[in-house]
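The first residue in the sequence is number 1, and the count goes up from there.
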Amino acid sequence: MAQLGIGKVRGLATLSDGGGRFHILACDQRGAIRRMMSTIGIEPTYPRVVAAKLDIVGSLSPVATGVLLDPEYGAGPAITRRALTGSCGLVVAVEETGYEEIAGERVSRLLEGWSVESVKAMGASAAKLLIYFNPKKEASAQQQEALVEQVAAECRRLDLPLMLECLVYPTDPNASGDERLREREELVIESARRLSRFDVDVYKVEFPHHPALNGSVSDWVRSCARLTEACRVPWALLSAGVEFDTFAAQVEAACRAGASGFVGGRAIWKEAVSLPPGTERAAFLAGEMVQRFHRLRTITEQYARGWHEVSSHQYRADELTPQGWYTTYS
């Protein structure tokens, strides 16, 4: 793996705490937020979706090391309306929401009119690419890997960190629920093995051991340790919409087994969208939601390893900035 450029080192530093641990808020959801609003009878207009995101970001960016946002609703307004604090890093998505299904295989697409260069130009700390992946679906897997390689090359050219998010899906859509759950861990781990060989800087990943399997804590730690062994880059846990207490337990197991933190979304803030406007929602935004984030930070600070501790990366500053480095930096 190529040595990190100084731009990538700086970007990762702005997204992590002093120990190199990620406490990142994920609020880049688009379709999910619109559906959540529709469920409670609120028409998901552009201003309403923007307002919901700004409420969440405004409450949590003061305690987060970074915020992950989308370009359609979140990133621009969070900056111009000052919901995003200056001390908080910013990751911006480059993919279109959802996926295209071709013969039972899922394919991600880049958002038209947006690019890694745009992410860099707006002053973000990193770009994020989400892909749907199944290593057993060879045709789409190769297509998705080509997309990762393309975006990674753009990030490398611009010296901007790349956060890669991977969501796996079942090989056989007609398989029983138990079969899908048992397959999941292998899909998550093999996907990490294949995708982390590209020039990725943070791997955002699902918890490998599905909660519905009712495994023990040792089972959870074991599966996360397998993920750490397979993944060549620092990885952070996504929440996948599970209940908050479940996510907190997953974060602890993941960090004990080598994760570098979390990039948490709906498990932290979903009531901010599902509750109708009023006193209860305002109390949640200022109270419970912030308390949840603090709890996750405490867990991560205690157990996570810093991104600069991952042995497959080289982070030595004296190698990155030799005398006269500026004459060749581009």
Shared hydrophobic cluster, Val67 / Val63 (ILVMFWY, side-chain heavy atoms < 4.5 Å): yes
Candidate pair Arg109 and Leu147, rule side-chain contact (heavy atoms from CB on, under 4.5 Å), full reasoning: CA-CA 8 Å; Arg109 299 159 296 191; Leu147 180 61; over 6 Å; no
Interatomic spacing from CG in Leu195 to SG in Cys166 - rounded to 0.5 Å: 5.5 Å
Test item: Val92 and Lys128 side chains (from C-beta on) under 4.5 Å apart, heavy atoms: no
From Met289 atom CE to Arg292 atom CZ, the distance as rounded to the nearest 0.5 Å: 9.5 Å
Side-chain heavy atoms of Asp199 within contact of Lys8, under 4.5 Å: yes
Separation of Met37 CE from Ile42 CD1 (nearest 0.5 Å): 6.0 Å
Nearest heavy atoms of Ala52 and Arg281, plus distance in Å: CA-NH2, 4.1 Å
Check: Cys224 and Phe207 side chains under 4.5 Å, non-hydrogen atoms: yes
Where Arg266 and Ala32 come nearest, the two heavy atoms and their spacing: NH1-CB, 4.3 Å
Glu309 side-chain N/O to Gly306 backbone N/O, donor-acceptor pair under 3.5 Å: yes
Closest contact, heavy atoms only, Val290 versus Ser59: CG2-O, 3.9 Å
Sub-4.5 Å side-chain heavy-atom contact between Tyr169 and Tyr99: no
Separation between CD1 of Ile56 and NZ of Lys270, rounded to the nearest 0.5 Å: 12.5 Å
Arg295 (side chain) donor-acceptor with Ala248 (main chain) under 3.5 angstrom: no
Ser223 OG to His210 NE2 distance, which is reported to the nearest 0.5 Å: 12.0 Å
Shortest non-hydrogen separation from Cys88 to Ala64 and the atoms involved: SG-O, 3.7 Å
Under 3.5 Å donor-acceptor, Thr300 side chain and Leu296 backbone: yes
N/O donor-acceptor pair under 3.5 Å between Glu95 side chain and Ile131 backbone: no
Arg226 and Pro208, any side-chain heavy atoms less than 4.5 Å apart: no
Within 6.0 Å of CZ in Arg10, more than 12 heavy atoms from elsewhere: no
Residue Arg82 excluded, over 12 heavy atoms near CZ under 6.0 Å: no
Co-membership, hydrophobic cluster, residues Phe244 and Ile33, 4.5 Å side-chain: yes
ILVMFWY network linking Leu90 to Trp114, side-chain heavy atoms under 4.5 angstrom: yes
Neighbour count above 12 (heavy atom, 6.0 Å) for Glu101 CD: yes
His23 and Phe262 aromatic ring geometry - parallel, tilted or perpendicular at 30°/60° bounds: tilted
Main-chain N/O of Gly11 paired to Thr14 side chain as donor or acceptor, under 3.5 Å: yes
side-chain contact (heavy atoms from CB on, under 4.5 Å) assessment of Lys137 paired with Arg106: CA-CA 9 Å; Lys137 303 273 192 180; Arg106 301 177 186 182; over 6 Å; no
Nearest-0.5 Å distance that lies between atom CZ in Arg48 and atom OG1 in Thr45: 4.5 Å
Under 3.5 Å: donor-acceptor pair, side chain of Arg21, backbone of Ala304: no
Polar side chain donor-acceptor pair, Thr171 to Asn134, under 3.5 angstrom: yes
Residues Asp172 and Arg180 bridged, charged N to O under 4.0 Å: no
side-chain contact (heavy atoms from CB on, under 4.5 Å) assessment of Ile24 paired with Met163: CA-CA 12 Å; Ile24 299 178; Met163 176 186 289; 4.0 Å; yes
Sidechain-backbone polar pair: Ser108 side chain, Tyr132 backbone, donor-acceptor under 3.5 Å: yes
Chi angles and distances behind the side-chain hydrogen bond (donor to acceptor under 3.5 Å, both in side chains) call for Trp235, Ser260: CA-CA 6 Å; Trp235 65 276; Ser260 294; over 6 Å; no
Working for salt bridge (Lys or Arg N to Asp or Glu O under 4.0 Å), residues Lys136 and Glu190: CA-CA 9 Å; Lys136 297 178 182 179; Glu190 183 56 30; over 6 Å; no
Heavy-atom pair of closest approach, residues Phe247 and Ala267: CB-CB, 3.9 Å
Intermediate values then yes/no, side-chain contact (heavy atoms from CB on, under 4.5 Å), Glu165 and Leu129: CA-CA 6 Å; Glu165 177 177 1; Leu129 171 67; over 6 Å; no
Within 6.0 angstrom of Tyr326 OH, more than 12 heavy atoms from elsewhere: no
Trp269 side-chain N/O to Leu25 backbone N/O, donor-acceptor pair under 3.5 Å: no
Note, Ser115 side chain near Val94 side chain (heavy atom, < 4.5 Å): no
Hydrophobic cluster identity match, Val57 and Leu238, side-chain contacts under 4.5 Å: no
Heavy-atom donor-acceptor pair, Arg197 side chain to Arg194 backbone, under 3.5 Å: yes
Any donor-acceptor N or O pair under 3.5 Å, side chains Trp307, Ser16: yes
Smallest separation among heavy atoms of Asp159 and Lys120, with atom names: O-NZ, 4.0 Å
Beyond-backbone contact of Glu149 with Glu145, side-chain heavy atoms, under 4.5 angstrom: no
Glu43 versus Ser38, side-chain donor and acceptor atoms under 3.5 Å: no
Tyr73-Asp28 side chain donor-acceptor pair, cut-off 3.5 Å: no
Glu206 and Arg184: CA distance, side-chain angles, deciding distance, salt bridge (Lys or Arg N to Asp or Glu O under 4.0 Å) verdict: CA-CA 10 Å; Glu206 303 166 272; Arg184 172 193 166 108; 3.7 Å; yes
Side-chain heavy atoms of Leu15 within contact of Ser125, under 4.5 Å: yes
Side-chain donor or acceptor of Glu105 paired with backbone N/O of Ile102 under 3.5 Å: no
Hphob cluster co-occupancy, Leu160 + Val148, side-chain heavy atoms under 4.5 angstrom: yes
Residues, nucleotides or ligands: over 12 heavy atoms within 6.0 Å of Glu112 CD: no
Test log, rule salt bridge (Lys or Arg N to Asp or Glu O under 4.0 Å), inputs Glu252 and Arg256: CA-CA 6 Å; Glu252 180 171 337; Arg256 284 180 178 272; 3.1 Å; yes
Glu271 and Ser274 side chains, donor-acceptor separation under 3.5 Å: no
